[in-house]
Amino acid sequence: MKDLPPQKRKALVQCLLVWYDKSRRRLPWRPLPGQSVDPYRVWLSEIMLQQTTVAAVGPYFQSFVKRWPTMNALAAAPVDEIMSAWSGLGYYSRARNLHACAKRVAAEYGGSLPNDEAELKSLPGIGSYTAAAIAAIAFGKQAAPVDGNIERVLARLFAVREKLPAAKPLLKNLAEALAPQARSGDFAQAMMDLGATICTPKSPTCESCPWIRSCAARKSGLERALPARSTKKKRPLRRGTAFVVISGGSEILLRRRPPKGLLGGMHETPMSAWEANFPSDPLCLAPTKSKYRMIEGLVHHTFTHFDLELQVFVSNVNSRQRGSIEGEWAPINDLAHFALPSVMRKIIEHALNPAKA
DNA sequence: GAGTCGTGGCC
DNA sequence: TGGCCAAGACT
């Protein structure tokens, strides 16, 4: 696909925009008809949507914009509050970068995001996709964001047989060749909507697709086979032991994880390292010398690149023992206000209510 | 380029 | 059940 004839390009763009105007989805971060675009909301939604489904983001987006309606409000918030509000959404470095970005925009741009793609890309948490998406959607600039949806749509439209991720540069070129000057934000969102609703990974519903007559993959019967991907390695299994220490029946001992790396900066229950096997003598790793009982069953969790199995030990301590223990005591009734990753909530739930696990 | 970095839903 | 996938960024 060396060149795209201007005539053909124009026809493809118009065809997709007509479809978009007719079938546009109502999403929490999209302005209602008559409302103007708020770059802050565009940015916030794009960060949250990185590798995360629309359904998962919805409630988090609503709660963030209600609590922090502007970039300056977010910049002024304590990072811990942002981390706990992000709890459960995953990829926690996004939350830290979100705050770092807000502070820079507040300090360097008076709270208003820059409208230049290169400047956007220099901000924390904004990569090539997000910079292009904000430039196009929030500021109407001609830009070509390429996410997983758009990769799939373009790989099919032009029957790109090269495998991902090797095909990424080619797909980016195709997106740039197609991106219109006018309504480039709508065009990008139209391709994403198309990928999310019609040009889906497994079973695309080509009969409903506005591009059915132009689609090269469809002509060759390759629509389900493209885009091709290089094979992935299977996840290894790691195991560990977690300790749930309860004080006075009402508070749980938490610690803070190191700021970087997996679940960086989030709270955790004390626990062993995660290795190929369970620790041979787990109780010598416990945070207290109190008496522990092992909870029947295991907590299972899946991360991107490994599976995790945890055995859980529980101990009840009294106020006298508690003084010398290093960590933070979290009221069980107030755990929602702590920056706990989902796996930690699973551990606590398993300890407090083993019947359900 | 290849690893790291979460979580939940779907088939 | 288990593999796949989602509006990627960063190293």
Side-chain angles (χ1 to χ4, degrees), chain A residues 25 27-30 41-61 83 86-98 100-101 120-138 143-153 163-169 171-172 175 185 187-197 199-203 224 227-238 257-266 268 300-308 339-346:
Chain A
R25 293 188 295 168
L27 299 173
W29 40 89
R30 288 186 178 165
R41 293 167 66 96
V42 173
W43 164 73
L44 179 62
S45 67
E46 290 299 343
I47 301 298
M48 288 184 165
L49 286 161
Q50 288 167 2
Q51 295 292 284
T52 308
T53 57
V54 164
V57 165
Y60 285 86
F61 178 82
M83 298 304 286
W86 198 276
S87 166
L89 199 54
Y91 287 132
Y92 297 98
S93 64
R94 289 185 297 171
R96 214 167 271 288
N97 285 333
L98 187 81
C101 183
L120 286 163
K121 192 175 178 325
S122 75
L123 293 167
I126 300 183
S128 56
Y129 161 77
T130 305
I134 295 173
I137 298 169
V146 179
D147 72 329
N149 284 310
I150 294 177
E151 280 179 352
R152 184 173 58 256
V153 166
K163 290 180 179 174
L164 284 171
K168 279 175 179 289
L171 293 168
K172 173 72 175 175
F187 182 70
Q189 291 180 92
M191 280 199 289
M192 290 190 265
D193 279 11
L194 190 66
T197 62
C199 195
T200 55
K202 304 277 182 171
S203 301
R224 285 164 175 269
R229 293 178 185 278
S230 49
T231 57
K232 295 168 186 168
K233 305 183 297 189
K234 64 174 270 198
R235 279 187 289 270
L237 175 63
R238 296 188 196 171
R257 292 176 65 84
K260 290 189 176 181
L262 184 67
L263 310 178
M266 302 291 285
E268 67 175 358
H300 298 266
H301 193 75
T302 300
F303 292 98
T304 305
H305 50 293
F306 63 93
D307 290 315
L308 182 62
L340 285 166
S342 291
V343 63
M344 303 303 163
R345 296 189 190 277
K346 279 191 198 175

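Throughout, protein chains are lettered first and strands after them, A, B, ... in sequence-line order, and every chain is numbered starting at 1. These figures come from a predicted structure and were not determined experimentally.
- Side-chain proximity of A:Thr304 to the nucleotides C:dG8, B:dT7, B:dG6 is greatest for B:dG6.
- Aromatic ring orientation, A:Phe303 versus A:His301: perpendicular (interplanar angle above 60°, classes split at 30° and 60°).
- Using a 4.0 Å heavy-atom cutoff across all strands shown, A:Trp43 reaches no nucleic acid atom at all.
- Comparing atom distances between the A:Arg229 side chain and each of C:dA6, C:dG8, B:dG8 picks out C:dA6 as nearest.
- Ranked by how close their nearest DNA chain B nucleotide is to the 5' end, A:Ala166 and A:Ala56 are led by A:Ala166.
- Contact annotation: A:Gln50 does not reach the phosphate of C:dG8 (side-chain N/O to OP1 or OP2, under 4.0 Å).
- Spacing between B:dG3 and C:dC4 at atom P, rounded to whole Å, works out to 16 Å.
- Residue contacts shown for A:Ser45 are absent, as no nucleic acid heavy atom lies under 4.0 Å away.
- In this entry the distance linking OH of A:Tyr91 with P of C:dA9 reads 12 Å, nearest Å.
- For A:Thr53 and B:dG9, a side-chain-to-base donor-acceptor distance below 3.5 Å is absent, hydrogens and geometry of angles not being considered.
- Rounded to an integer number of Å, the gap from A:Lys168 NZ to C:dA9 C1' is 11 Å.
- The closest side-chain heavy-atom distance from A:Leu263 to A:Met344 is below 4.5 Å.
- The phosphate of B:dT7 (OP1 or OP2) has a side-chain N or O of A:Tyr92 nearer than 4.0 angstrom.
- Rounded to an integer number of Å, the gap from A:Gln189 CD to C:dA6 C1' is 17 Å.
- For A:Ser342, taking side-chain heavy atoms from C-beta onward, the closest of the listed nucleotides C:dC5, B:dG8, C:dC10 is B:dG8.
- A close approach under 4.0 Å does occur between a side-chain nitrogen or oxygen of A:Thr130 and OP1 or OP2 of C:dA9.
- Residue contacts for A:Pro124: at a heavy-atom cut-off of 4.0 Å it reaches the sugar-phosphate backbone alone, with no base atom in range.
- Between the NZ atom of A:Lys346 and the P atom of B:dG6 there is a distance of 14 Å, given to the nearest Å.
- Proximity of A:Leu98 to A:Leu44: side-chain heavy atoms (C-beta onward) are separated by under 4.5 Å at one or more points.
- Within the 4.0 angstrom heavy-atom criterion, only backbone atoms of the sugar-phosphate kind lie near A:Leu263; the bases stay farther away.
- Within the 4.5 Å cutoff, side-chain heavy atoms of A:Val146 are placed close to those of A:Glu151.
- Nucleic acid contact class of A:Ile126 (heavy atoms, under 4.0 Å, all strands): sugar-phosphate only.
- Taking atom P on both C:dA9 and B:dG8, the two are 22 Å apart, rounded to the nearest angstrom.
- A sub-4.0 Å separation between OP1 or OP2 of B:dG3 and a side-chain N or O of A:Lys233 is present.
- At a cut-off of 3.5 angstrom, counting only N and O atoms as typed in the model, there is a donor on one side and an acceptor on the other between the side-chain of A:Thr52 and the base of B:dG6.
- Nucleic acid contact for A:Gly88: sugar-phosphate only, since backbone atoms but no base atoms lie under 4.0 Å from a heavy atom of the residue.
- When rounded to the nearest whole Å, the span between NE2 of A:His305 and P of C:dG3 equals 17 Å.
- When heavy atoms are screened at a 4.0 angstrom cut-off, A:Arg25 is found touching base atoms of the nucleic acid.
- Among the protein residues, A:Leu27 comes within range of the nucleic acid bases, having at least one heavy atom under 4.0 Å from a base atom.
- Checking C:dA9, B:dT7, B:dG6 against the side-chain heavy atoms of A:His301 singles out B:dT7 as nearest.
- Taking 4.5 Å as the limit, some side-chain heavy atom of A:Ser45 sits within range of a side-chain heavy atom of A:Leu49.
- Between A:Arg152 and C:dC5 there is no side-chain N or O to OP1 or OP2 distance below 4.0 Å.
- Distance OG/A:Ser128 to CG/A:Leu120: 12.0 Å, rounded to 0.5 Å.
- Spacing between atom CZ of A:Arg235 and atom P of C:dG2 amounts to 11 Å, rounded to whole angstrom units.
- As rounded to whole Å, 12 Å separates atom P of B:dG6 from atom CZ of A:Arg238.
- For A:Val343, the side-chain atoms get nearest to B:dT7 when compared with the rest of C:dA9, B:dT7, B:dG6.
- Separating the CZ atom of A:Arg224 from the C1' atom of C:dC4 is a distance of 15 Å, rounded to the nearest angstrom.
- Once rounded to the nearest 0.5 Å, the distance linking CD of A:Glu46 with CD1 of A:Ile137 reads 4.5 Å.
- Within 4.0 Å (heavy atoms only), A:Gly264 reaches no atom of the nucleic acid at all.
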